[in-house]
Amino acid sequence: MSTETTTQSPIRLAVIIGSVRHERFADAITGWLLTELATIDGVEVDPIDLADIDLPLQGTRPGGTETVISDRLRDADAFLVVTPEYNHSFPAALKNAIDWHFTEWAYKPVAFVGYGAGSGGIRAIEQLRLIFPELRATTIRDAVLLNAPWTRLGPNGYEGTEGERGALAATMTELGWWARTLRAGRVAAQVSAS
């Protein structure tokens, strides 16, 4: 793949929905998010809902076994993690999905959409920012924080505010830059290794 093709081909974005609870607000937020992402040119979205993925608790060394989502994570250029904040942290299912994989995350950017009662999920996001660099992933500065989003649930689902749409646009701009830059770096490393 040439450098020009690398910078101009669509960004493959894996949107990872981290909540697996039966009664969850993630569905409303994800519906809004996917609608907003559909308006962005040059992005191919692959929603990965961990509630639909059977990942047992870690039973082997990290990165040692293929899972049902390994190929989808490997094919992604960037990740957008949707996480609630549970007890000042993120869901265990999300950590399990992260830990099952290793090389799939490497040299790729990660952005976050968090939600929670008062914090908008910031404490969950800040903890995730400590984990992903260990996997050689780059977390970006911008994020989308949704404070008490259930108060904005309308007849057509979640109704994001203008500020939230602006935060998503800024997050996606930064994520897009990192996705193209790191993809070019991965391609250059493959070429020099061959």
Side-chain angles (χ1 to χ4, degrees), residues 1 3 6-7 9-20 26 30 33 37 40 42-50 53 55 57-58 60-86 89-115 120-145 167-168 170-193:
M1 183 181 289
T3 304
T6 300
T7 58
S9 61
I11 294 166
R12 296 172 308 238
L13 176 67
V15 176
I16 301 170
I17 299 103
S19 174
V20 298
T30 302
L33 186 60
L37 292 174
I40 301 173
V43 176
E44 295 175 356
V45 178
D46 178 16
I48 300 174
D49 189 344
L50 297 182
I53 308 297
L55 286 178
L57 289 176
Q58 189 71 23
T60 185
R61 68 176 179 82
T65 302
E66 290 288 305
T67 71
V68 295
I69 59 172
S70 293
D71 286 342
R72 293 167 72 186
L73 296 176
R74 192 177 301 112
D75 290 345
D77 293 311
F79 305 101
L80 185 59
V81 176
V82 181
T83 183
E85 184 176 306
Y86 296 155
S89 190
F90 55 90
L94 179 54
K95 180 65 162 73
N96 189 47
I98 294 167
D99 288 348
W100 265 104
H101 305 91
F102 185 70
T103 57
E104 292 87 349
W105 308 111
Y107 308 110
K108 298 176 184 178
V110 184
F112 303 98
V113 174
Y115 61 98
I122 190 65
R123 291 175 289 228
I125 290 171
E126 289 305 312
Q127 291 178 36
L128 287 163
R129 289 186 198 279
L130 298 174
I131 294 166
F132 277 105
E134 183 62 22
L135 302 165
R136 292 190 167 86
T138 299
T139 61
I140 69 165
R141 181 190 178 281
D142 288 338
V144 181
L145 305 177
L168 179 60
T171 298
M172 289 305 298
T173 296
E174 187 178 4
L175 185 63
W177 186 91
W178 278 105
R180 287 185 294 279
T181 301
L182 292 176
R183 180 170 59 189
R186 291 192 311 273
V187 169
Q190 290 172 348
V191 169
S192 65

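No hydrogens, no waters, no symmetry mates; every other heavy atom, side chains included, goes into these values. Values in this document were obtained by computation on a predicted structure and should not be read as measured data.
- Between P109 and L182, the closest side-chain pair of non-hydrogen atoms falls below 4.5 Å.
- Rounded to the nearest 0.5 Å, atoms CD1 (I17) and OG1 (T83) are 11.5 Å apart.
- Shortest non-hydrogen contact noted between I11 and A179 is CG2-CB, 3.8 Å.
- Of the inter-residue distances, the one linking S9 atom OG with R183 atom CZ reads 3.5 Å to the nearest 0.5 angstrom.
- For the pair I48/L73, a side-chain contact is recorded, criterion being any heavy-atom separation below 4.5 Å from C-beta on.
- One distance of note links CZ of F112 with CG of D142; it measures 12.0 Å at 0.5 Å rounding.
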ask   = Does the pair E66 and R74 meet the rule for a side chain to side chain contact (heavy atoms under 4.5 Å, CB included), with working shown?
value = CA-CA 11 Å; E66 290 288 305; R74 192 177 301 112; 2.8 Å; yes
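- One N or O on the side chain of E104 and one on the backbone of F102 form a donor-acceptor pair closer than 3.5 Å.
- For E126 and R123, the salt-bridge test fails: no basic side-chain N is under 4.0 Å from an acidic carboxylate O.
- Between R12 and E44, no side-chain nitrogen of the basic residue sits less than 4.0 Å from a carboxylate oxygen of the acidic one, so the salt-bridge criterion is not met.
- Summarising the geometry of P47 relative to V45, their closest heavy-atom pair is CD-O, 3.7 Å, with the distance given to 0.1 Å.
- Heavy-atom minimum distance, L13 versus L37: CD2-CD1, 4.0 Å.
- Ring geometry, W105 versus F132: the interplanar angle exceeds 60°, so the pair is classed perpendicular (tilted spans 30 to 60°).
- To the nearest 0.5 angstrom, T30 atom OG1 is 6.5 Å from L33 atom CG.
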task = Go through the steps for L128 and V110 under the test side chain to side chain contact (heavy atoms under 4.5 Å, CB included), then give the verdict.
result = CA-CA 10 Å; L128 287 163; V110 184; over 6 Å; no
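- In this structure, CG in L145 is found 4.5 Å from CD1 in I122, a value given to the nearest 0.5 Å.
- Separation of atoms CH2 (W178) and OG1 (T139) is listed at 9.5 Å; rounding is to 0.5 Å.
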key: I131/F90 under side chain to side chain contact (heavy atoms under 4.5 Å, CB included): CA gap, chis, key distance, verdict   = CA-CA 12 Å; I131 294 166; F90 55 90; 3.3 Å; yes
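- D46 places no side-chain N or O within 3.5 Å of a backbone atom of R72 that could act as its donor or acceptor partner.
- No option in I98, V82, L50 other than L50 meets the side-chain contact (heavy atoms from CB on, under 4.5 Å) test with I16.
- Side-chain N or O atoms of R129 include one that pairs as donor or acceptor with a backbone N or O of I140 at under 3.5 Å.
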